[in-house]
Amino acid sequence: MSSVAGKTVIITGSSRGVGADTAKILAGEGANVVINFRQKAPRANKVVKEITEAGGRAVAVQADITDPESRANLFQAATDEFGGLDVLVLNASGGMETDLGEDYALKLNRDAQNDALTDALELLPRGGRVVFVTSHQAHFINQVETMPEYDAVARSKRAGEDTLTARVPELAEKGVDLVVVSADMIEGTVTATLLNRARPGALDERRKAAGKLYTVNEFAQEIAKMVTADVENGHVELVGGAEDFLAKAGK
């Protein structure tokens, strides 16, 4: 895909943070963007307003991607508003929440991602793309341990990545590409804030080990690039490098 101009993109979990910035960047490049939010409509509407005031096209759609009916409404909205779907950015993740049940991390980070891909394949044309957003802490969890507070989330996100990448042959038959985009902890995200609260100094440690942590907007720019990048199906983009993870993993 050489350009996103005129293409329709769904970005899950895009009412704030990395998802919202990715939406604004892609809309600025001419994409029609579906902003997905689970609970906070005013925040999602604000993102839509910023995009439309800048001359872009966007719509906000409430959907919990762990719920089949809700998820179906999200994909239907892309068709109703913009006539179809060309790109799915799987950005929504979680599991640090303590009130949504023990299995919530796996339900959201593995099962819902896989189900969203299945739903998207009903709409994605040949040349379509799916981008899965993850973290180095999750991507390398089988070789490099992470903070105990994040372990269950990291393992569930890695399970999601493995489930999606196992489907690359099926995607290839349909002419759809999957790209995984991974970064270290991101300054200013909810996850980084929660981890730093649970383990004071965690962000400083990662900053020291990585040399630099990306900001929300810097990471969003890298995700937006991967929407059109000429890479192999199943490509994993390690944003900012991952030297200390690779060293610990023995790669």
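- Side-chain atoms of Q62 come within 3.5 Å of backbone atoms of R38 as a donor-acceptor pair (strictly under, hydrogens ignored).
- The two residues S135 and S182 have their closest heavy-atom pair at C-OG, 3.0 Å.
- In this structure, F140 and L246 have side chains that are in contact, with non-hydrogen atoms separated by less than 4.5 Å.
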Step-by-step side chain to side chain contact (heavy atoms under 4.5 Å, CB included) determination, R158 to D162: CA-CA 6 Å; R158 180 66 217 208; D162 290 342; 2.8 Å; yes

Stepwise side chain to side chain contact (heavy atoms under 4.5 Å, CB included) test for T66 and D111: CA-CA 8 Å; T66 66; D111 302 344; over 6 Å; no

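- In summary, R57 and E81 do not engage in a salt bridge, as defined by a charged side-chain N under 4.0 Å from a carboxylate O.
- Clustering ILVMFWY residues whenever any of their side-chain heavy atoms sit less than 4.5 angstrom apart, transitively, puts V48 in a cluster other than the one holding F37.
- Shown here for A20 and S15, the closest heavy-atom pair between the two residues is CB-C, 3.9 Å.
- Side-chain atoms of Q113 come within 3.5 Å of backbone N or O of A92 as a donor-acceptor pair.
- Judged by distance alone, the side chains of T118 and R167 do bring a donor and an acceptor atom under 3.5 Å apart.
- Hydrophobic clustering keeps I141 apart from V239 (ILVMFWY residues linked when any side-chain heavy atoms are closer than 4.5 Å, directly or through intermediates).
- Rounded to the nearest 0.5 angstrom, F75 CZ and L121 CG are separated by 9.0 Å.
- A side-chain donor from one of N217 and Q221 sits under 3.5 Å from a side-chain acceptor of the other.
- Put simply, CZ on R155 and CG on L106 are 11.0 Å apart, with the number rounded to the nearest 0.5 Å.
- Although no hydrogens or angles enter the test, the distance criterion places no donor-acceptor pair under 3.5 Å between the side chain of D86 and the main chain of V9.
- Taking every heavy atom of both residues into account, V61 and A77 meet most closely at CG2-CB, 3.5 Å.
- Of the possible polar contacts, one joining the K157 side chain to the V133 backbone as a donor-acceptor pair under 3.5 Å is found.
- Distance alone, capped at 3.5 Å, is enough to place a donor-acceptor pair between the N109 side chain and the G94 backbone.
- Within the model, atoms NE2 of H139 and OG1 of T134 stand 8.0 Å from one another, a figure rounded to the nearest 0.5 Å.
- Taking all atoms of both residues into account, the shortest heavy-atom contact from A63 to S70 is CA-OG, 3.0 Å.
- Crowding of K40 atom NZ: a count of heavy atoms from other residues, nucleotides or ligands under 6.0 Å not exceeding 12.
- By the 6.0 Å contact criterion, CD on E145 is open, its count of non-hydrogen atoms from other residues, nucleotides or ligands being 12 or less.
- Two residues are said to be in side-chain contact when any heavy atoms from C-beta on lie closer than 4.5 Å; M226 and R129 fail this criterion.
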Working for side chain to side chain contact (heavy atoms under 4.5 Å, CB included), residues F219 and D21: CA-CA 9 Å; F219 186 34; D21 275 28; over 6 Å; no

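- Residues V87 and I35 share a single hydrophobic cluster, defined by chaining ILVMFWY side chains whose heavy atoms lie under 4.5 Å apart.
- No side-chain heavy atom of L117 sits under 4.5 Å from any side-chain heavy atom of F132.
- By the rule that hydrophobic residues join a cluster once side-chain heavy atoms approach within less than 4.5 Å of another member, V179 and V4 end up as members of one cluster.
- Of the charged side-chain nitrogens involved, none lies within less than 4.0 Å of a carboxylate oxygen, so that D204 and K208 do not count as a salt-bridged pair.
- The backbone N or O of A202 lies less than 3.5 Å from a partner atom in the side chain of N196, making a donor-acceptor pair.
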Trace of the side chain to side chain contact (heavy atoms under 4.5 Å, CB included) decision for N233 with L178: CA-CA 5 Å; N233 202 348; L178 170 72; 3.9 Å; yes

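- Placement of I25 and V47 in two distinct hydrophobic clusters is found when ILVMFWY residues are connected by side-chain heavy-atom separations under 4.5 Å, directly or transitively.
- Nearest approach of A116 to L90, heavy atoms of both residues: CB-CD2, 3.8 Å.
- E218 and L213 get closest at one heavy-atom pair: OE1-O, 4.4 Å.
- Here the side chain of N91 pairs a donor or acceptor atom with the backbone of G13 at under 3.5 angstrom.
- Salt bridge R206/D244: present, at least one basic N to carboxylate O contact under 4.0 Å.
- Ring pair F245/H136 is perpendicular by interplanar angle, where above 60° counts as perpendicular and below 30° as parallel.
- To the nearest 0.5 Å, the span separating CG on N73 from CG on D64 amounts to 11.5 Å.
- Here the CG atom belonging to L164 is positioned 10.5 Å from the CD atom belonging to E170, to the nearest 0.5 angstrom.
- In this structure, CD1 on I10 lies 11.5 Å from CG on N32, to the nearest 0.5 angstrom.
- Two residues are said to be in side-chain contact when any heavy atoms from C-beta on lie closer than 4.5 Å; R199 and P148 meet this criterion.
- Using a 3.5 Å distance cut-off with no hydrogens or angles, the side chains of D184 and Q137 do pair a donor with an acceptor.
- For CZ of R16, the number of neighbouring non-hydrogen atoms (other residues, nucleotides, ligands) closer than 6.0 Å is 12 at most.
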